Amino acid sequence: MIKNKLSWGKEFWLAALFLILLMGIEFSVKGSGPLLRGGVRLLFALVVAGIIFYVLGTTKIFTRRIKLSTFAKIWGFIFGICIGGLFILLNILGHSAMMMQSNTWIADTLMALSAGIFEEFLCRGLLLSAFLSLFEKLKYQFTAAALASGIFFGLFHLMNLTSGQGLLETLQQAIYAFVIGAIFASIRLTTNSLVRVILIHALIDWQPGISVIHTVDMMTPWPIFSAVWGIILVIAVIFLVAFDSSYRHASELTTSP
């Protein structure tokens, strides 16, 4: 793996600083027009991305992509195509159709881009790097780091409680954000790049009104919610475990005489 300039502890402190600054930005643009709010958020996201890129020195994790085992490829297909692909595709197609009728599509686009850039550089960039360093001695280093960064991504969405969003709605949002975080981490590890997860994240968030109202007021019945996201999480974990095995195998081949 590529070594970074900061220790994992300093990376955590830097992530906390960025979150505090984000709350300050949100407070400063509260009550302003959607275009200004979206523009300010995008500018902030780009600045944060530049700082994180400097700290990490790259958007990659490995010097080269890890060759997956047959088992990992099978579960990657199930996970990436049958579940992740369909979920992402349906979201993107549905949001794109609605965006054609949006009166705030420029501001919504800026806001979606800002979310994709800021949250991915923070969670799948800085924090995933910190957790990988923290868990470097674990057998399933990548699984643990991906799930830990996903948990943080879920907790990050609890901030919506301060915007008046209901507790149960926020709890569901935090849970599926955790699972999506694990999915995004899997994509990041497999592709060895942040670019794809940034684009996917931005496209998922690209929906009408996100620059005006960024809270949810709908809930899925808990049995359905738990079944769907539980299955997706299990498949994601199986793939991550298989990825860990592939990485160990690749490392053994590299170090063997």
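All values reported here derive from a predicted model rather than from experimental measurement. Sequential numbering from 1 along the given sequence is applied to the chain's residues.
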pair S186-L240: side-chain heavy atoms closer than 4.5 Å: yes

Would the distance check show the side chain of S226 and the main-chain N or O of P223 forming a donor-acceptor pair, the cut-off being under 3.5 Å? no

If you look only at distance, which donor and acceptor atoms sit under 3.5 Å apart when one is on a side chain in residues 67-74 and the other is two or more places apart or in another chain?
residue, atom, partner, partner atom, Å
S69, OG, A72, N, 3.2
S69, OG, S246, OG, 3.4

Whether R248 engages the ring of Y140 as a cation-pi pair (distance to the six-membered ring centre under 6.0 angstrom, angle to the ring normal within 45°) should be assessed. yes

Distance, nearest 0.5 Å, that separates CG of L199 from CD1 of I187: 11.0 Å

Donor on one side chain, acceptor on other, H201 and E120, under 3.5 Å: yes

Straight-line distance of Q207 CD to L203 CG, nearest 0.5 Å: 11.5 Å

Taking N160's backbone N and O only, do any of them form a donor-acceptor pair with Q165's side chain (distance below 3.5 Å, no angle check)? no

Does Y176 share a hydrophobic cluster with I224, counting links as ILVMFWY side-chain heavy atoms below 4.5 Å and allowing steps through other members? yes

Identify the heavy atoms of L132 and A145 that sit nearest to each other, and give their distance. CD2-CB, 3.5 Å

Is there a side-chain contact (heavy atoms from CB on, under 4.5 Å) between L171 and W222 once you walk through the steps? CA-CA 11 Å; L171 182 59; W222 280 103; 4.0 Å; yes

Locate the shortest heavy-atom distance separating L138 from A144; write the atom from each residue and the value. CD1-CB, 4.0 Å

Set out, in order, the CA-CA distance, both residues' side-chain angles and the distance that settles side-chain contact (heavy atoms from CB on, under 4.5 Å) for F184 and V179, then state yes or no. CA-CA 9 Å; F184 284 169; V179 180; over 6 Å; no

Hydrophobic cluster identity match, I20 and F121, side-chain contacts under 4.5 Å: yes

On a heavy-atom basis, which atom in P208 and which in D108 lie closest, and how many Å separate them? CA-OD2, 3.4 Å

Flag yes if I25 and L43 sit in one hydrophobic cluster, no otherwise; membership is Ile, Leu, Val, Met, Phe, Trp, Tyr, and two members link when side-chain heavy atoms are under 4.5 Å apart. no

Please tabulate, for the side chains in residues 44-57, all donor-acceptor contacts under 3.5 angstrom to protein atoms that are two or more places apart in sequence or on a different chain.
none

Could you tell me whether the side chain of V197 reaches within less than 4.5 Å of the side chain of L194, counting heavy atoms only? yes

Minimal non-hydrogen separation, L161 against G166, with atom names: CD2-O, 4.0 Å

I need the L21 CG to S28 OG distance, nearest 0.5 Å. 10.5 Å

Modelled atom types, side-chain donor and acceptor of D244 and T143, under 3.5 Å: yes

Taking only Lys NZ, Arg NE, NH1 and NH2, and the carboxylate oxygens of Asp or Glu, determine whether E119 and R124 approach each other closer than 4.0 Å. no

Note: D205 and I210 closest approach over all heavy atoms is O-CD1, 3.1 Å

Look up atom CD1 in I198 and atom CG in L113, then write down how far apart they are to the nearest 0.5 Å. 10.0 Å

So, taking the atom named OG1 in T63 and the one named CG in N192, what distance separates them when rounded to the nearest 0.5 Å? 8.0 Å

Only counting residues at least two apart or in another chain, list the ones meeting ring pair (Phe, Tyr, Trp, His ring centres under 6.0 Å) with W13. none

For a 4.5 angstrom cut-off between non-hydrogen side-chain atoms, does F225 reach I175? yes

Please name the pair of heavy atoms, one in C123 and one in S149, separated by the smallest distance, quoted to 0.1 Å. O-CB, 3.8 Å

Stepwise side-chain contact (heavy atoms from CB on, under 4.5 Å) check, S129 with E11: CA-CA 8 Å; S129 169; E11 288 178 330; 3.2 Å; yes

Could you tell me whether the side chain of F178 reaches within less than 4.5 Å of the side chain of H157, counting heavy atoms only? no

Would you call L110 and R41 a side-chain contact if the rule is heavy atoms closer than 4.5 Å? no

Under the side-chain contact (heavy atoms from CB on, under 4.5 Å) rule, what do M1 and E136 come out as? Steps first, then yes or no, please. CA-CA 10 Å; M1 288 194 302; E136 64 179 345; 5.5 Å; no

Out of F153, F152, F142, F12, which one pairs with F131 under the ring pair (Phe, Tyr, Trp, His ring centres under 6.0 Å) rule? F12

Rounding to 0.5 Å, atoms OG1 (T59) and CZ (R196) come to a distance of 10.5 Å

Would you indicate whether the side-chain heavy atoms of T190 and F239 approach each other to under 4.5 Å? yes

According to a 4.5 Å side-chain heavy-atom criterion applied to Ile, Leu, Val, Met, Phe, Trp and Tyr, with indirect links allowed, do L168 and M159 form part of one hydrophobic cluster? yes

Please tell me whether L147 and L158 are part of a single hydrophobic cluster in this structure, the criterion being side-chain heavy atoms less than 4.5 Å apart. yes

Within the structure provided, determine whether L122 and L19 are in side-chain contact (heavy-atom separation under 4.5 Å). yes

